[in-house]
Amino acid sequence: MSNKLGRTAAICGIGATEFSKDSGRSEMKLAVEAVSAAIDDAGLTPSDVDGMVTYSTDNNPDVEIARNVGIGGLRHFSRVHYGGGAACGTIALATMAVATGAADVVVCYRAFNERSGRRFGAGVQDLPNAATAERAQFSYTSSQGLLTPASWVAMVARRYMHLYGATSEDFGRVAVAMRKHAATNPAAWFYNQPITLEEHQQSRWIVDPLHLFDCCQESDGAQAIIVTTPERARDLKQKPVMIDAVAQGAGKDQWTMTSFYRDDIAQLPEMKIVADELWSSSGLTPADIQTAVLYDHFSPYVLMQLEEFGFCKRGEAKDFIKNGNIELGGDLPLNTHGGQLGEAYIHGMNGIAEGVRQVRGTSVNQIPRVEHVLVSAGTGVPTSGLILGVDR
Amino acid sequence: MAITREGMTVSQTQQETDADKKAFYEQLQGFVGLQIGPPQPAPDEVNIPMIRHLVEAVGDENPIYLDEAAAKASRHGEVVAPPTMLQAWVMHGITPRSNEGDGPYEQMNRLLFSKGFTSVVATNCEQVYDRYVKPGDRLSMTTTIDSISEEKTTGLGTGHFVTTRQDYWDADGNRVGSMLFRIIRFRPAAKSKPKPPRPAPATTHDNSWWFDALKDGTLLIQRCKGCGELRNPPHPMCASCRSMEWDSIEAKGTGSIHSYVVTHYPVVPSFDYPLPILLVDLDEGVRMVMNPIDATPEDLQIGRKVTIEVHKCDPDLSLPFARLAK
Ligand SMILES: [Zn+2]
C-alpha cells in the first residue's frame, strides 16, 4: 500500500540567497532572506505562514526565523533527521501538514555557511565523544581514518566499480554534465566554467577512487520552499507546481553513510524504497519523467540512483549516461541547474527549487514540454524524494 | 577574496624574510678573510715517537716514516712524517686553551647565535700539502675565515656553512700545508610534533566490551545466544530472533578485502597519507573496517586474502589490522 500524499499539496513559492563560498553574514540572516524571498515569490504575506519545517544540521530555529520575518503563530513545526537525506523529507512533512489541515502554508528551509563556517568535508574527527548511539555510529570507521563523506562514499563506489565495471571516467561523465549545466546558470558558482573529462581525470585525489571533481562543492547560502494546498496555490501569484508524489525511505541495515554491513553494499535500498513509493503512489513510471534532479554530493551515487529509480538496469548506468544522455538535449537531462557539483551545495534544497522552475517553465536551462520532474535527496543516508508536476 | 588576501600576506612575509636573509648574509661576509687570533706554535717539534704512535695506530707499514735506511733509499733521502699528521703537530693537549678573547671568530659566532644558529657539526675537511715535514721541523699555524655560505637547509636544520683555512708554516716562514675545515652552524630543525592519537571510538554499554577485548589483544565477534548468529559491529539485540542474550567468539583472524579506499584529503595529523582503508570480510561472515599493514595502495585488490592482527595504537586504543596474504 502506498501513501496518499500525491497531489494533496503544491509548491507556491521559492526563494534563495546568492550561493557563495563566503556569505559574509549569519546563517540566520541567510535564512530570513530566503524565507522572505519565497513569501514574496508566492505573493503571500508573512502572516499567511503557519507551518515551518527544516532538517538536521540547520542551526536556525524555526521560531527565530518566524520572529524575524513577522510570521505569526505556527500550527506545525518539525525537523527531519539525516541532513541532506531529508531535503525532500521537509516537503513530505509539509505535505502531510497541509493535507491533514495541520497547517495551511508551510515554509521549508535550509540556510548555512557550510563553506565559510563548519565544513562537512573537514571530517568528523573532532566530534564530541559522547556515549550515545548517534555518536557510536562513527566508532567503527573513525579510528581507521575513514572520517569524511567522501571516504564513506568511496568505499561503496569502489565496490560498485568492481561489480559492474564502472570506471572513474563514468563518474567523470556525471561531473562534466553538471558543470556543463552550471556553465549556463548565472546563479551557479561554476557559471561559465565547464570542465572536460580529461580535467576530471587530472583533478587530484580526494579519496581514491574519488577525484576532486567527483565531490560536490561546499557552499554558503539558503533556499526556502513554500507548500500549501492546491486550491490555495491556484489563487496565488505563481503557476502552482503540484507535488505528484513524495516519500521518505530508510533501508534495511541502514547506517548514516556507512551501510557497510549489508550483503550488497553497491546498492541504495533506502532510495529503492523512495522510488517504489513514488512510482506506485503516483502511477507514474520513469518514462513519464522529462528531467530529474538527482542528489549529486558525489558522482557515483548519481549512477546508482538511476538504477534504483529504474531508468536503467542495475549496473547499466555507466551505459545510460554515455553520449550526453544526461545532458541538455539527452534523453534524461539531470540537474539542469548544475547540481551540487556545479551550482551549489545547499543540501538538496536548491535542487527542489530547480524542479519547481522546470515545471513553471522558468529554468535557465529549460527542458521543453516538462510534465513531471523527479527530485531526490541525499543518498547513503535515510533519504527522500518527490515528483513535481504541472497542475491540471 | 579571502584567498587573495591570504596569498598577499604570505608573499609579503616571504619578501621580508628574503631581504632579512640577504642583509644577514652580507653582514657575515664581513668576516671572510679575517685571521682568527695570533699564530699557534706547535708544542713540540716534529718527532719520531709521535710518528710511531700514529703509524702503529693506523697500521701504516710504509718504511719511510720510521726506517732510516729505507727512508734514505727513497726519494726523500731521510725519514719524513705522514702528511696527514699535519694538524696533529699543532694540536694542544686535553687541557683547554685559555679563552682567546673577542676575536673575529667569536664575533661571527655571536652574530650566528643571534639568529638562532646555535648548533654546530663539522662537515668536511680537505688538506693540501706543499712539502713533507720531517723530524726537527717546528711548525706553527694561522687560521683564517675562508668562506661563509648563504643560508642553506639540510637534514639537520637551516644554517650557514663556515669554512676556516689553517695554514701551517715552518720556522723559515714557508708554508708546508694547508687545511680547509668546514662546519655548519645551524638552527636545529623543529622536532616534528608527536602524532596525535587516532580519533577515539565513542564507547557505550553496547560496544565497550568489544574495544576492551581489543585492548587485551583479542578480536571478538558478537554471537546471539538465541539463534547463534554472528554480528558486527556490536549491538544489543539480535535482528534475527530479537534475543538480547549474547556471548562472543574469538575471530580466527582470516578474511578477504570486500572494498577499499585510499584517502588523500583532508590530512588528519593522526595518520600518514595516502592512507589506505579496507572493508574486510572475515571468514566467519561479518565485516569490519581496518587499515592494512605493510601494504602500498597498489597492493590492494578486492577479494585479496588477509590475515588479521590486533595492534596497540595508543594506551587506550587497540585495533584490528589486515596483513595481505602472500
Ligand atoms: Zn538471534
Side-chain angles (χ1 to χ4, degrees), chain A residues 20-22 24 115-116 119 121-148 150-163 204-212 215 252-253 255 258 260-266, chain B residues 1-3 196-208 210-211 214 231-236 239 257-280 285-292 297 300-303 313-314 317-321:
Chain A
S20 73
K21 301 297 178 193
D22 185 359
R115 178 60 179 76
S116 64
R119 300 173 65 172
V124 296
Q125 59 275 14
D126 299 323
L127 288 189
N129 217 354
T132 61
E134 186 88 54
R135 184 61 189 77
Q137 67 184 320
F138 300 108
S139 292
Y140 315 101
T141 43
S142 289
S143 302
Q144 289 79 0
L146 207 63
L147 293 159
T148 60
S151 70
W152 304 323
V153 171
M155 191 66 89
V156 172
R158 173 90 63 194
R159 185 72 189 174
Y160 179 84
M161 295 165 89
H162 172 76
L163 289 179
R204 65 191 167 96
W205 288 121
I206 298 300
V207 182
D208 180 359
L210 299 186
H211 287 275
L212 173 65
C215 307
K252 189 179 177 196
D253 202 1
W255 288 62
T258 54
F260 295 155
Y261 312 99
R262 294 166 169 166
D263 289 345
D264 186 352
I265 66 166
Chain B
M1 290 269 278
I3 290 165
R198 289 173 176 239
T203 51
T204 69
H205 283 297
D206 298 324
N207 70 10
S208 56
W210 190 77
F211 289 103
L214 283 172
R231 61 188 200 245
N232 186 73
H235 49 99
I257 298 177
H258 188 80
S259 190
Y260 66 94
V261 303
V262 183
T263 60
H264 292 255
Y265 180 87
V267 169
V268 176
S270 314
F271 301 96
D272 293 321
Y273 291 82
L275 170 68
I277 306 167
L278 314 181
L279 183 58
V280 172
V286 297
R287 217 171 268 157
M288 288 176 197
V289 171
M290 54 186 84
N291 298 111
L300 304 177
Q301 207 184 335
I302 288 178
C313 304
D314 61 66
L317 180 70
S318 293
L319 291 173
F321 287 81

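All heavy atoms count here, side chains included; hydrogens, waters and symmetry mates do not.
- In this structure, the separation between CD1 on B:Ile302 and NE2 on A:His162 is 5.0 Å, given to the nearest 0.5 Å.
- Proximity to chain B (any heavy atom under 4.5 Å) is shown, for A:Ala154, by both the backbone and the side chain.
- Only the side chain of B:Leu275 comes within contact range of chain A, with heavy atoms under 4.5 Å apart.
- Ring geometry for B:Trp210 versus A:Tyr140: interplanar angle over 60°, hence perpendicular rather than tilted (30 to 60°).
- With hydrogens and angles disregarded, no donor-acceptor distance shorter than 3.5 Å links the side chain of B:Thr204 to the backbone of A:Ala133.
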Stepwise side chain to side chain contact (heavy atoms under 4.5 Å, CB included) check, B:Val262 with A:Trp205 | CA-CA 9 Å; B:Val262 183; A:Trp205 288 121; over 6 Å; no
Report the C-alpha distance between A:Gln144 and B:Leu319 in whole Å, list the side-chain angles of each, state the deciding distance to 0.1 Å, and finish with yes or no for side chain to side chain contact (heavy atoms under 4.5 Å, CB included).
-> CA-CA 8 Å; A:Gln144 289 79 0; B:Leu319 291 173; 3.8 Å; yes
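- Contacts of A:Trp255 with chain B are made by side-chain atoms alone, with heavy-atom separations under 4.5 Å and no backbone atom involved.
- Each of B:Asn207, B:Asn232, B:Leu278 has some count of heavy-atom pairs under 4.5 Å with chain A, and the biggest count is that of B:Asn207.
- For the residue pair B:Ala202 and A:Ala130, the shortest heavy atom distance occurs at CB-O, 3.3 Å.
- Within the 4.5 Å cutoff, no side-chain heavy atoms of A:Ser139 are placed close to those of B:Thr203.
- If you measure heavy-atom distances from A:Ser151 to chain B, the contacts under 4.5 Å come from both the backbone and the side chain.
- Residue contact with chain A, scored on non-hydrogen atoms closer than 4.5 Å, is absent for B:Phe321.
- The greatest number of non-hydrogen atom pairs below 4.5 Å with chain B, out of A:Asp126, A:Thr258, A:Val124, A:Leu146, is found for A:Leu146.
- With a 6.0 Å radius and a threshold of 12 heavy atoms from other residues, nucleotides or ligands, A:Asp264 has its CG atom above the threshold.
- A:Ala136 touches chain B through backbone and side chain together, each having a heavy atom under 4.5 Å away.
- Under the 4.5 Å side-chain criterion, counting only non-hydrogen atoms from C-beta, A:Thr148 is in contact with B:Pro266.
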Between B:Val261 and A:Asp208, does a side chain to side chain contact (heavy atoms under 4.5 Å, CB included) hold up when you go through it step by step?
-> CA-CA 6 Å; B:Val261 303; A:Asp208 180 359; over 6 Å; no
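- Most heavy-atom pairs under 4.5 Å with chain A: of the set B:Phe271, B:Tyr260, B:Phe211, this distinction falls to B:Tyr260.
- Looking only at heavy-atom pairs under 4.5 Å with chain A, the residue among B:His264, B:Arg198, B:Met290 that has the most is B:His264.
- Residue contact with chain B, scored on non-hydrogen atoms closer than 4.5 Å, is absent for A:Leu210.
- B:His258 is listed as a side-chain neighbour of A:Arg159, based on a closest heavy-atom distance under 4.5 Å.
- Looking at heavy atoms from C-beta onward, B:Tyr265 lies out of side-chain contact with A:Val207 at the 4.5 angstrom threshold.
- Residues A:Ser143 and B:Leu317 meet the side-chain proximity criterion, which asks for heavy atoms closer than 4.5 Å.
- Side-chain atoms of B:Arg287 and A:Ile265, non-hydrogen and from C-beta on, do get closer than 4.5 Å to each other.
- Looking only at distances, no side-chain donor or acceptor of A:Arg158 sits under 3.5 Å from a matching main-chain atom of B:Ser259.
- For A:Thr132, the part sitting under 4.5 Å from any heavy atom of chain B is the backbone (N, CA, C, O) and nothing else.
- Heavy-atom distances place both the backbone and the side chain of B:Pro234 under 4.5 Å from chain A.
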